[in-house]
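What follows is a single structure, written as structure tokens, with notes after it.
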2 protein chains.
Amino acid sequence: MAGIDTNSPIPKYYQLKEIIRGMIESEELQEGQLIPSERELCERYGISRMTARQAIMELVNEGVLYREQGKGTFVAGKKVQQEAARLTSFTEDMRERGMAVSSTVLEMEVEPAGPVVARFLRVDEGERIIRLKRLRNADGEPMALETSHLLYDVARGTLEVDMSKSSLYEELRRGGVSISHAEQSYEAALVGEADAEVLGVAPGSPALLIERVTFDAKGRAFEYVRSVYRGDRYRITSVLRV
Amino acid sequence: MAGIDTNSPIPKYYQLKEIIRGMIESEELQEGQLIPSERELCERYGISRMTARQAIMELVNEGVLYREQGKGTFVAGKKVQQEAARLTSFTEDMRERGMAVSSTVLEMEVEPAGPVVARFLRVDEGERIIRLKRLRNADGEPMALETSHLLYDVARGTLEVDMSKSSLYEELRRGGVSISHAEQSYEAALVGEADAEVLGVAPGSPALLIERVTFDAKGRAFEYVRSVYRGDRYRITSVLRV
DNA sequence: CATGTATAATGGTCTAGACCGGGTAGAGGA
DNA sequence: TCCTCTACCCGGTCTAGACCATTATACATG
């Protein structure tokens, strides 16, 4: 089992979070199963209890674990049943579907905002924007073509990160962005010729076109994403309430 | 200003949470305003920093506050009121979009459940089902082709109703069905030849395929609907939260 | 005037303990 | 056999510090 690197710039609690997440994904820990207690994690990884606690509490907040006083901490069931559509990144979405994520960065540029992007992000035309176009693969096969437009000030930290390996949202969170909510739209469309080749489907194949504007805790729109999902591989499910 | 009661069984961090919440509600602290720093709260209320931190972090998780390293902690803006996707009928959906609804009943039959319908409705194959196929128009033009499969016992009252004029959900509610929630999936597809003619589009046009299983308050699945929406006319928007 | 630079403040992470109340399983007694 | 009590483990709360990175500001230097 991987340990915790004290000299790493990555916080210990974060390392522990990833370790626990890994154990759940590898099914070393299964749904409903008791995970090691806080005190046992402290001892095993040589960290203090408050640090172990922070890792666990964040996973509880994310719905990955749940706790019962006096009993212990358990792996939560898949929460597909529970909630209506949640705001997730592609990485998180695929992880919940149990698929392996990989990405290819096709374009990453700093450029002035055009009229469409400026309107969605509520900034002036010409404002500096990072445009990140990625091919997103699930289980090794193309799933979506995603073009994000990000406020330069918010996302400039990601320019030095290899976005083919990182989750944009995780990077942004690490960079101090507090992601709050998004307005998203879904539309059926056909795959165009250029996109078809990249996605590995025939032109005119069905596609789900998803547009999203994401807001931070201050209510500022910091991201406009336009994604083309392969209709033959992607389907959205959600629970609706009256 | 109220203080913190050390002898109270209510945890200190929780008392502080309520104090801060109160200051926001009384507008002593306003949107976007800096709140006292962790260290200042410690001193003012005679608690340790980790305790003050817990109060603040929970309010951050709840979206009441947001933090910026090196700057401070601020009061977040009021949350967007708009809701995530609600469970609505076609009639309600179009009414909210400000479009006029009309329908044509194409088929309405009582028939035994086939394997697919039986699985979705969690009944045995051969169980009596009402199948209702309608063309749904918005502002006089075809919008969707909708095929509902309903448990006979639940929906037999609708057999005597002119479903080209009535809302299915309103009729069911009138018949005593308490609609609770639904599991819905969205998928991109192409319009087939038969459907194309009815929908008034070319075969191979983009379509949004929506499947829904609707449950009543007892948790019984009573409806399975499969709808084909015209991709050129229909788009779904919703607000997602973290 | 522009440009660094020291300083102080903030939140972020972390430690090594402490006591509390809830839950459970085993020991001992009826 | 069955019940009760107790010891132990669990998470929940809390302390009093520590060092770090980020940020703003005031000041000194070119």
Side-chain angles (χ1 to χ4, degrees), chain A residues 3-18 20 32-61 64-76 153-157 160 170-178 216-218, chain B residues 3-20 29 32-61 64-76:
Chain A
I4 284 184
D5 181 0
T6 304
N7 298 320
S8 165
I10 299 168
K12 292 181 181 177
Y13 81 89
Y14 193 85
Q15 294 184 48
L16 180 56
K17 264 180 82 172
E18 290 305 309
I20 294 172
Q33 195 179 325
L34 190 66
I35 76 164
S37 74
E38 295 177 352
R39 288 165 179 89
E40 194 179 330
L41 290 169
C42 302
E43 203 172 322
R44 189 188 298 180
Y45 294 106
I47 58 180
S48 85
R49 192 173 156 216
M50 290 299 282
T51 304
R53 200 173 160 72
Q54 184 175 358
I56 293 174
M57 286 310 292
E58 292 200 2
L59 289 170
V60 169
N61 279 332
V64 177
L65 304 174
Y66 64 91
R67 326 192 77 176
E68 289 185 26
Q69 189 173 146
K71 289 188 182 175
T73 304
F74 305 84
V75 179
D153 287 342
V154 171
R156 62 178 178 279
E160 289 127 35
E170 277 172 23
E171 283 304 323
L172 290 173
R173 286 199 186 98
R174 292 192 57 74
V177 180
S178 164
D216 67 10
K218 279 180 276 187
Chain B
I4 283 184
D5 180 0
T6 305
N7 298 318
S8 164
I10 300 168
K12 292 181 181 178
Y13 80 90
Y14 193 85
Q15 294 184 47
L16 179 55
K17 265 180 82 172
E18 290 306 309
I19 289 172
I20 295 173
L29 291 173
Q33 195 179 325
L34 190 65
I35 76 163
S37 74
E38 295 177 353
R39 288 167 179 86
E40 195 179 331
L41 290 169
C42 300
E43 202 173 324
R44 189 186 301 181
Y45 294 105
I47 57 180
S48 85
R49 191 174 157 215
M50 290 299 281
T51 303
R53 201 173 159 72
Q54 184 175 359
I56 294 172
M57 286 310 292
E58 292 200 2
L59 289 170
V60 169
N61 280 332
V64 177
L65 305 174
Y66 64 90
R67 325 192 77 175
E68 289 185 28
Q69 189 173 152
K71 290 188 182 172
T73 305
F74 305 84
V75 180

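Lettering follows sequence order; numbering is per chain, from 1. What's counted below: heavy atoms across the whole structure, side chains too, no hydrogens, waters or symmetry copies.
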Among [options], the one nearest [X] by side-chain distance:
| X | options | answer |
| --- | --- | --- |
| A/Ile47 | C/dT15, C/dT13, D/dT15 | C/dT15 |
| B/Lys12 | D/dG11, C/dG11, D/dT15 | D/dT15 |
| A/Glu38 | C/dG11, C/dT15, D/dG12 | D/dG12 |
| B/Ser48 | C/dA18, D/dA16, C/dG12 | D/dA16 |
| B/Lys71 | D/dG12, D/dT23, C/dG12 | D/dT23 |

Would you mind reading off the distance between [X] atom [atom1] and [N] atom [atom2], rounded to a whole angstrom?
| X | N | atom1 | atom2 | result |
| --- | --- | --- | --- | --- |
| A/Arg39 | C/dA18 | CZ | C1' | 10 Å |
| A/Glu40 | D/dG11 | CD | C1' | 14 Å |
| A/Ile10 | D/dC20 | CD1 | P | 19 Å |
| B/Phe74 | D/dT23 | CZ | P | 12 Å |
| A/Arg49 | D/dC10 | CZ | C1' | 9 Å |
| A/Ile4 | C/dT15 | CD1 | C1' | 14 Å |
| A/Asn7 | D/dC20 | CG | C1' | 15 Å |
| A/Lys17 | C/dC14 | NZ | C1' | 17 Å |

- Query: Got more than 12 heavy atoms from elsewhere within 6.0 Å of OH, A/Tyr66?
  - Reply: yes
- Above 12 or not: heavy atoms from other molecules or residues under 6.0 Å from CD of A/Glu18? yes
Has [X] got a side-chain N or O lying under 4.0 Å from the OP1 or OP2 atom of [N]?
| X | N | result |
| --- | --- | --- |
| B/Gln54 | D/dT13 | yes |
| B/Thr73 | C/dT10 | no |
| B/Arg67 | C/dG12 | yes |

- Find which nucleotide of DNA chain C each of A/Thr51 and B/Ser37 is nearest to by heavy atoms, and output the residue with the more 5' nucleotide. B/Ser37
- The residue, B/Glu68 or A/Met50, whose nearest nucleotide of DNA chain C is more 5′ is B/Glu68
- Name the nucleic acid region contacted by B/Gln69, choosing base, sugar-phosphate or nothing; use a 4.0 angstrom heavy-atom cut-off, strictly under. base
- Message: Go through it in stages, so that I can follow the logic: the residues are A/Ile56 and A/Leu41, the test is side-chain contact (heavy atoms from CB on, under 4.5 Å), and I'd like the CA-CA distance, side-chain angles, deciding distance and then a yes or no.
- Response: CA-CA 10 Å; A/Ile56 293 174; A/Leu41 290 169; 3.8 Å; yes
- Message: Can you say whether a donor on the side chain of A/Arg53 sits under 3.5 Å from an acceptor on the base of D/dG11, or the other way round?
- Response: no
- Item | CA sep, side-chain torsions, deciding dist, call: B/Ile19, B/Tyr45, side-chain contact (heavy atoms from CB on, under 4.5 Å) | CA-CA 11 Å; B/Ile19 289 172; B/Tyr45 294 105; 3.5 Å; yes
- Side-chain donor or acceptor of A/Glu171 paired with backbone N/O of A/Gly157 under 3.5 Å: no
